[in-house]
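Each chain gets a letter, A, B and so on, in the order its sequence line appears, and its residues count up from 1. Worth knowing before you read on, the calculation uses all heavy atoms, side chains too, and leaves out hydrogens, waters and symmetry mates.
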There are 2 protein chains.
Amino acid sequence: MKSAVEPLKARRIYLLLRDRIVAGELPPGARLPGEPALAAEHAVSRVTVRRALDLLDKEGLVQRKAGSGTFVHDTRAVRPIVADLSNVLSHLIDMGRSTDVRLLSFGYGVPPESIAESLGLKPGERAQRSVRVRLIDGEPFSYLTTHVPEWIGLTYSEAELAARPLLELIERSGVTTERATQAINATLAGPEAAAALDLEIGSPLLTLTRIVYEPSGRGVEHLHALYRPDRYSFHMDLVRTGSDGERRWSPALGWPRAADKSKSEKSKSGEKPTRTPRVIKQRS
Amino acid sequence: MKSAVEPLKARRIYLLLRDRIVAGELPPGARLPGEPALAAEHAVSRVTVRRALDLLDKEGLVQRKAGSGTFVHDTRAVRPIVADLSNVLSHLIDMGRSTDVRLLSFGYGVPPESIAESLGLKPGERAQRSVRVRLIDGEPFSYLTTHVPEWIGLTYSEAELAARPLLELIERSGVTTERATQAINATLAGPEAAAALDLEIGSPLLTLTRIVYEPSGRGVEHLHALYRPDRYSFHMDLVRTGSDGERRWSPALGWPRAADKSKSEKSKSGEKPTRTPRVIKQRS
DNA sequence: CAAAGCTGTATTATCCATCATACAGGTTCC
DNA sequence: GGAACCTGTATGATGGATAATACAGCTTTG
């Protein structure tokens, strides 16, 4: 009973380099240390370094040139950053990007206790469970598991769910949705999510758990979403609010949605970087 | 050249079980399948299943009883969920929890390109870089890397940074901060962050990147934060806004901050679950 | 062109995770 | 008590990841 399961060495180095790249320490185009140098630096064999670089290569983060070196791939191209807070991909759509939904699972049953509780179901009461995957430009980026009380779920068909937003169907059933709570977190990809999102098991994922309430306070939808961090992230603009001594950041409401920067190009350059939604495909 | 580096089998099973637990599919107190059963189910040896269970045990998610079985530990106790959006831990403090900051690194140098760009620095211009770890009740939960333009950084000392909020120091220097952008994402823990957060390399982490701007549009602080997802997550309340056809969720502003639920206990039970900030320590 | 450095590739040996199996000891239930 | 489960522990065998080394071919630099 020793040796806790630790990631393979190649993976360690892969992670390390990956962090240095995404952190910008190794800017796009830069040539990173040679394989012998990396091997010495991390006290591993060159073969292992190679494996790490292979991973980075397969992921499109670096580009290897025989005889020359390994170079950081143009990150901007590889990171088709999808973004938005509070709501989802609203402005993606009117940006000419095609989104698609695939229904993986649909059925009724007794949900796990924690979900039943948040939906205000009595023990044994059934709910509709569905699993969907969202694609952007053909590439999967989110894995959604939703639970809805049975009496609401029965108001629409499986085909309708595959075609329309769930919340729209819920509201169509006569329920009004006003309030919701959500929590954002991180996890590792389990087998199913990894398969659906075209990832390896153990990849990092962004998590969003949202519970939608009707005015009476009863839960009507429990959403558990997993996002690929390289294809999705939450962005928000903040403003400093509160009077002295109690100043905090608050989300900038009524903000210029997807602010087509045509409007504010007054100041010089660094207006709002990291906001270059170019439409470039990533290698599958 | 085959076999991509795939996570160890034990880790796979660990992740699988872990997901089923946090998803509530295996509710607290439940006995999970016996080791032989799990071994058969996943087509691995019992030894491997054992390793996976050891990980869950060490993490405090399950409790093993010789001769009896392996049981899901009381999740509520194990998840001292810290939370808040937009700002950080505001209400934690007035909840009687002690937070502490540890300065790991402090110095000046030329920052990586992407950060220099967001701070509006000219190539070669220097910035102050600091790395801090935040603890709650003695346990580390966030790993903060900040970059500040040199001319601001010079207005305070290393000791001051270790003692007071950075933004306060920045404002004290005469700069006014009004706007900020931030992005939330997920990654895997690299070596340094893993060590500082008392995690294994490859653990999932919540990421927050915030850039604070002064009114002129120039960046004055670049913050990169890594959070342990089991000790921190972003919560927010949402309200449905926008007129028909363009309805979306918006963060509920002006909400009862840290709503001491003494106020709204009108409706029955399920008012706002998952909001039970009991102060229970987790095993180190 | 030649030297130096790099990536690609192969070989052999070692180490560690995993497998398969067996047994000891505790718990539960009849 | 005893059967049937469970967890804890140990064994040797096997395969894959890694180490150490060597060499080929390409690129860059002088």
A:Arg50 CZ to C:dT11 P, in whole Å, measures 15 Å
To the nearest angstrom, the CZ-P distance between B:Arg51 and D:dG8 comes to 15 Å
Would you call the rings of A:Tyr227 and A:Tyr232 parallel, tilted or perpendicular if under 30° counts as parallel and over 60° as perpendicular? parallel
- Just checking, is any N or O donor in the side chain of B:Tyr108 or B:Glu150 under 3.5 Å from an acceptor N or O on the other one? no
In whole angstroms, the gap separating C1' of D:dC23 from CD of A:Glu35 amounts to 15 Å
Every protein N/O within reach of nucleotides 26-30 of chain C N/O, cut-off under 3.5 Å:
from   : atom 1 : to      : atom 2 : distance (Å)
C:dG26 : N2     : B:Gly67 : O      : 2.9

For this session: Verify the distance criterion only: is there a donor paired with an acceptor across the side chains of A:His235 and A:Ser233 at less than 3.5 Å?
Result: yes
Taken to the nearest whole Å, CZ/A:Arg31 to C1'/D:dT29 is 13 Å
* To do: Please answer whether the main-chain N or O of B:Ile136 pairs with a side-chain N or O of B:Glu139 as donor and acceptor at a distance below 3.5 Å.
  => no
All stems that DNA chain C takes part in, i.e. 3 or more consecutive Watson-Crick or G-U pairs with distances under 3.5 Å, are C:1-30 with D:1-30
Here the distance between atom C1' of C:dA17 and atom NE2 of B:His42, to the nearest Å, is 18 Å
A:Asp54 atom CG is separated from D:dA17 atom C1', nearest whole Å, by 14 Å
query = Is any side-chain nitrogen or oxygen of A:Thr70 closer than 4.0 Å to OP1 or OP2 of C:dC6?
reply = no
So CG of A:Leu32 and CZ of A:Arg64: to nearest 0.5 Å the spacing works out to 9.0 Å
Residue set satisfying side-chain hydrogen bond (donor to acceptor under 3.5 Å, both in side chains) with B:Ser68, at least two apart, ordered chain then number -> none
Atom CZ of A:Arg64 and atom C1' of D:dG25 are separated, to the nearest Å, by 15 Å
Ranking C:dT7, D:dT7, D:dT18 by distance to the side chain of A:Ala10, first place goes to D:dT18
Just the atom pairs and distances: protein N or O near nucleotides 19-22 of chain C's N or O, under 3.5 Å.
from   : atom 1 : to      : atom 2 : distance (Å)
C:dC19 : OP1    : B:Lys9  : NZ     : 3.4
C:dC19 : OP2    : B:Ser45 : N      : 2.7
C:dC19 : OP2    : B:Ser45 : OG     : 3.1
C:dC19 : OP2    : B:Thr48 : OG1    : 2.3

Here the distance between atom C1' of C:dC6 and atom CD of A:Gln63, to the nearest Å, is 15 Å
> Does any donor atom in the side chain of B:Glu59 or B:Tyr14 lie under 3.5 Å from an acceptor atom in the other side chain?
Replying inline: yes
Hits for side-chain hydrogen bond (donor to acceptor under 3.5 Å, both in side chains) against B:Arg46, two or more places apart or cross-chain, chain-then-number order -> B:Glu35
Sorted by chain and number, sequence neighbours left out, side-chain hydrogen bond (donor to acceptor under 3.5 Å, both in side chains) with A:Thr70 holds for none
Shortest non-hydrogen pair, A:Glu192 vs B:Leu16, comes out as OE2-CD1, 3.5 Å
Smallest heavy-atom separation, B:Ile184 atom then A:Leu206 atom, equals O-CD1, 3.6 Å
